[in-house]
There are 2 protein chains.
Amino acid sequence: MIGKSASGKNGKAVPQTRIQKAKREAILEAGLTVFSEAGFRGATLDRIASEAGLSKPNLLYYYPSKEAIYEALLRGLLETWLDPLQAIDPKGEPVEELLGYVRRKLQMSRDFPRESRLFANEIVQGAPRIMPVLEGELRGMVDNLSTVIDGWIAEGRLAPVDPRHLMFSVWSLTQHYADFDVQVRAVLNADDPFPGAETHLDVLFRRLLTP
Amino acid sequence: MIGKSASGKNGKAVPQTRIQKAKREAILEAGLTVFSEAGFRGATLDRIASEAGLSKPNLLYYYPSKEAIYEALLRGLLETWLDPLQAIDPKGEPVEELLGYVRRKLQMSRDFPRESRLFANEIVQGAPRIMPVLEGELRGMVDNLSTVIDGWIAEGRLAPVDPRHLMFSVWSLTQHYADFDVQVRAVLNADDPFPGAETHLDVLFRRLLTP
DNA sequence: CGTTGATTTGACCGGTTGGTCAAATCGGAA
DNA sequence: TTCCGATTTGACCAACCGGTCAAATCAACG
């Protein structure tokens with residue numbers, strides 16, 4: 001929060017040596033693993049440090065505190081997480097646009113399960129550190145998309161749905177395969193859930209959204 | 001794990017005075033609140049004790065360890081959680097039976113959000129303590145229900161769906177309103193989400209399941 | 001080689017946490 | 001009242017955890 005932040009006094013990025021960049025990345029990578037497995041409180045600096053191949057004081061040389069690592073992680077995460085929403089094209093074919101969004105979100109659950117679980121941990125425990133983002137950016141984006149969807153419905157190109165609950169459905173159905181992975185695999189007998197999930201969600205949303 | 005377990009040497013319940021029963025219940029109640037807010041590791045005995053109106057040593061007089069409280073909680077929780085599944089009647093009208101299940105699960109999210117969040121915490125973090133139940137009881141019940149559903153589909157009384165992914169859909173869509181409550185409310189501007197959720201899920205599953 | 005700043009670490013600290021223990025207190029039966 | 005087991009608690013402990021610090025090491029450059 002003090003001098004080490006990402007932008008200098010003139011808005012230009014603070015100079016970062018190659019080694020600094022590599023170490024910070026290793027720390028974030030290790031932090032992602034540990035925080036997503038154990039939550040903020042369950043994670044320990046010792047485990048993050050050892051996972052990153054550093055000593056604890058060395059880790060604290062790059063990030064001033066446990067909080068700082070966690071917050072850096074959340075900040076970077078949110079961009080990735082909100083991206084697929086931005087990619088929805090108001091001028092596209094409604095059903096296909098939304099199905100594409102579902103497919104992208106499901107792929108993120110497959111490819112970045114740790115990120116999904118980190119986010120889940122934060123929200124389940126009351127989102128103490130990202131409430132402002134939820135009420136600000138996220139709500140704004142959902143409000144915008146809701147207008148678009150309501151327009152599509154009015155034009156008869158989409159079956160009538162509550163846009164916000166539709167968003168909740170997309171999020172919960174796709175993220176479930178990352179967040180509840182162990183349960184899914186226990187029920188499925190350890191097969192890869194994703195091929196089945198993709199066809200299932202395709203059917204589900206096509207039936208829901210086709211006028 | 002030693003003498004204080006629920007069944008004596010002859011299988012009969014160990015005698016419990018009224019005061020023991022009340023105190024243990026108060027501890028579980030407090031534990032549910034604290035564990036669901038903070039996860040296993042984030043919860044502290046001090047907080048549970050104070051929430052239950054006891055001193056810490058007094059709490060440990062009734063349960064021998066933090067683990068013991070948590071496990072007692074999980075054990076009791078799972079019954080409640082699996083009950084609505086049992087209530088599905090293979091002889092009933094398929095679509096209505098499944099919609100009833102969805103409605104019961106959603107009501108549980110509304111009425112017992114702490115239970116849902118405790119469960120979510122446990123699963124997200126890898127289900128270290130209830131894996132056996134997932135692979136045993138839960139999978140067995142899902143296998144049975146899958147047979148029933150496949151039968152319904154073969155009779156043409158239900159649209160073709162993968163029964164297991166259907167289960168995942170019911171769980172994720174309903175539990176989302178408890179587990180991600182803060183996010184839902186942030187997006188909806190703090191209105192009560194449940195009326196809207198009920199009609200939305202009714203439409204969603206009716207469209208998915210009607211042949 | 002010597003210097004200088006960046007990097008790394010062992011030792012340490014204060015606070016918290018799960019758990020123990022011996023002693024005090026309570027409450028009901030005789 | 002006396003007694004006895006059930007209950008309650010203050011004091012305490014060892015382990016852990018986030019974080020500090022001074023000293024050591026490293027790496028690049030002149």
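To find a chain, count down the sequence lines: A is the first, B the second, and so on, and within it residues start at 1.
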Open item on the list: Quiz question: going by heavy-atom distance under 3.5 Å, is there a donor-acceptor pair between the base of D:dG18 and the side chain of A:Lys56?
Closed with: yes
- [ ] Could you tell me whether B:Glu137 atom CD has more than 12 heavy atoms of other residues or ligands within 6.0 Å of it?
- [x] no
Open item on the list: Need one value for B:Lys23: base, sugar-phosphate or nothing, where a base atom within 4.0 Å counts as base even if backbone is also close, heavy atoms only.
Closed with: sugar-phosphate
Open item on the list: Salt bridge or not between B:Lys56 and B:Asp46? Use side-chain N to carboxylate O under 4.0 Å.
Closed with: yes
Task: B:Tyr61 OH to D:dG5 P, straight-line distance once rounded to whole Å - done: 12 Å
Open item on the list: Quick check: closest heavy atoms across A:Ala43 and A:Val34, and the distance to 0.1 Å?
Closed with: CB-CG1, 3.6 Å
- [ ] Answer yes or no on whether A:Arg110 is positioned over the face of A:Tyr177, meaning its NZ or CZ is under 6.0 Å from the six-membered ring centre and within 45° of the axis.
- [x] no
Task: Side-chain donor-acceptor contact under 3.5 Å, B:Gln125 with A:Asn121 - done: yes
Task: For chain A, the stretch of DNA chain C it reaches, first to last nucleotide, under 4.0 Å of its heavy atoms - done: C:dA6 to C:dT17
Task: Within 45° cone and under 6.0 Å: A:Arg47 NZ/CZ vs A:Phe35 ring - done: no
TODO: Grab the CD1-C1' distance between A:Ile69 and D:dG19 for me, whole Å please.
DONE: 12 Å
Open item on the list: Can you pull out the residues from residues 43-50 of chain B that lie within a 4.0 Å heavy-atom distance of DNA chain D?
Closed with: none
Task: Over 12 non-hydrogen atoms of neighbours within 6.0 angstrom of CD in B:Glu25 - done: no
Task: B:Tyr70 six-ring face occupied by B:Arg75 cation (under 6.0 Å, within 45°) - done: no
TODO: Determine the interplanar angle of the A:His176 and B:Trp171 rings, folded into 0 to 90°, and report it as parallel if under 30°, tilted if 30 to 60°, perpendicular if over 60°.
DONE: tilted
- [ ] From the options B:Leu98, B:Val102, B:Leu99, select the one residue that forms a side-chain contact (heavy atoms from CB on, under 4.5 Å) with B:Arg206.
- [x] B:Leu99
Task: Distance, rounded to the nearest Å, where B:Leu59 contributes CG and D:dT7 contributes C1' - done: 14 Å
- [ ] Round to a whole Å and report the spacing from CZ of B:Arg24 to C1' of D:dT7.
- [x] 13 Å
Open item on the list: To the nearest 10°, give me the bend of the helix from C:dC1-D:dG30 to C:dA30-D:dT1, comparing the axes of its five terminal pairs at either end.
Closed with: 10°
TODO: With side-chain contact (heavy atoms from CB on, under 4.5 Å) as the test, would you mind laying out the steps for A:Gln175 and B:Phe180 before giving the verdict?
DONE: CA-CA 12 Å; A:Gln175 289 171 21; B:Phe180 286 67; 4.1 Å; yes
- [ ] Output yes when at least one side-chain N/O atom of B:Gln20 is less than 4.0 Å from OP1 or OP2 of D:dA6, else no.
- [x] no
